[in-house]
Amino acid sequence: MGVIGLGHVFGDYGDLFILKEGGELNKLLSYRINLNVRWSPSGEKLVFSVKDETSFESLFYKDIKNGGMTTALDISTNASKCVWVYEDSVICGVKNQAQLKNEFYRINPEDGSKTLVATPNINLLVKEMAVSRSGDTLFVLNDIDSKLYALKIK
């Protein structure tokens, strides 16, 4: 596709642009509160999070290559707590409100379906996250104790 994602942040608000090979600059998202973006490996899809006026955080999906509309994924998390697994799914850490830990869900952004794939048995909140090349292990830097943990994905 040959695009580069560019962001512009002014205070708590952000814009998202793509720069095409021919030099055209197209705005994808405009004036979003606490905009955070995760691009798919190909750069043709993205998940992003924004906050609304009440500080509720929501996750969205956009397929740029197919000119898709922005789709709400009905999940409350920051995109910084998400990682793409190949081109077809995203794994996100979602805070369990009853306990001090994240649970991890595989999300199919095309249809919005969610599957629980890992529940740590310790207090674990995502600071940074990556997935193994094989897609079967999550590596999570814990925001609580600054240690790195490996979680097998179901």
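What you see below is based on every heavy atom in this structure, not just the backbone, and it leaves out hydrogens, waters and symmetry mates.
We find the CH2-NZ distance between W39 and K62 to be 10.0 Å, quoted to the nearest 0.5 Å. In this structure, the separation between CG on N78 and CG on N34 is 8.0 Å, given to the nearest 0.5 Å. Interatomic distance, CG of L141 versus NZ of K147, reported as 12.0 Å (0.5 Å rounding). Here OG of S49 is found 11.0 Å from CG of L73. Values are rounded to the nearest 0.5 Å. Of the inter-residue distances, the one linking K51 atom NZ with L35 atom CG reads 12.5 Å to the nearest 0.5 angstrom. For the atom pair D63 CG and M69 CE, the distance stands at 12.5 Å (nearest 0.5 Å).
Looking only at side-chain heavy atoms (C-beta outward), T77 and Y105 stay at 4.5 Å or farther from each other. A 4.5 Å side-chain heavy-atom check between N36 and R38 finds at least one atom pair inside the cut-off. Taking 4.5 Å as the limit, some side-chain heavy atom of L28 sits within range of a side-chain heavy atom of L46. Residues W84 and V47 are in side-chain contact: their nearest non-hydrogen atoms beyond the backbone lie under 4.5 Å apart. Here the side chains of I153 and V131 are in contact, with some heavy-atom distance below 4.5 Å. Side-chain atoms of F104 and V83, non-hydrogen and from C-beta on, never get closer than 4.5 Å to each other. Using a 4.5 Å heavy-atom threshold, the side chains of L124 and L151 count as touching. For the pair V90/Y61, no side-chain contact is recorded, criterion being any heavy-atom separation below 4.5 Å from C-beta on.
Within the 3.5 Å criterion, the main-chain N or O of N123 finds a donor-acceptor partner in the side chain of N142. Between the S132 side chain and the T137 main chain, a donor and an acceptor come within less than 3.5 Å of each other.
Annotation for N121 and K101: closest pair CA-NZ, 4.4 Å, computed over non-hydrogen atoms. Contact between V126 and K81 at its shortest, heavy atoms only, is O-NZ, 3.0 Å. When every heavy atom of M129 is checked against every heavy atom of I91, the shortest pair comes out as CE-O, 3.4 Å. Across every non-hydrogen atom of L116 and E103, the tightest pair is CD1-CB, 3.9 Å. Between A98 and N96, the shortest heavy-atom distance links the atoms N-OD1, 2.8 Å. Here the closest non-hydrogen pair linking L59 and C92 is CD2-SG, 3.8 Å.
Taking the six-membered ring where tryptophan is involved, the planes of F48 and F60 are essentially parallel, since the angle between them stays under 30° and well short of 60°.
For S89, the side-chain contact (heavy atoms from CB on, under 4.5 Å) criterion is met by V85, R106, not counting sequence neighbours. Residues that satisfy the salt bridge (Lys or Arg N to Asp or Glu O under 4.0 Å) test with K45, not counting sequence neighbours, are E110.
Both V117 and I122 are part of a single hydrophobic cluster, where members link through side-chain heavy atoms under 4.5 Å apart. Under the 4.5 Å side-chain contact rule for hydrophobic residues, V50 and I64 share a cluster.
Atom CD of E87 is surrounded by more than 12 heavy atoms from other residues, nucleotides or ligands within 6.0 Å.
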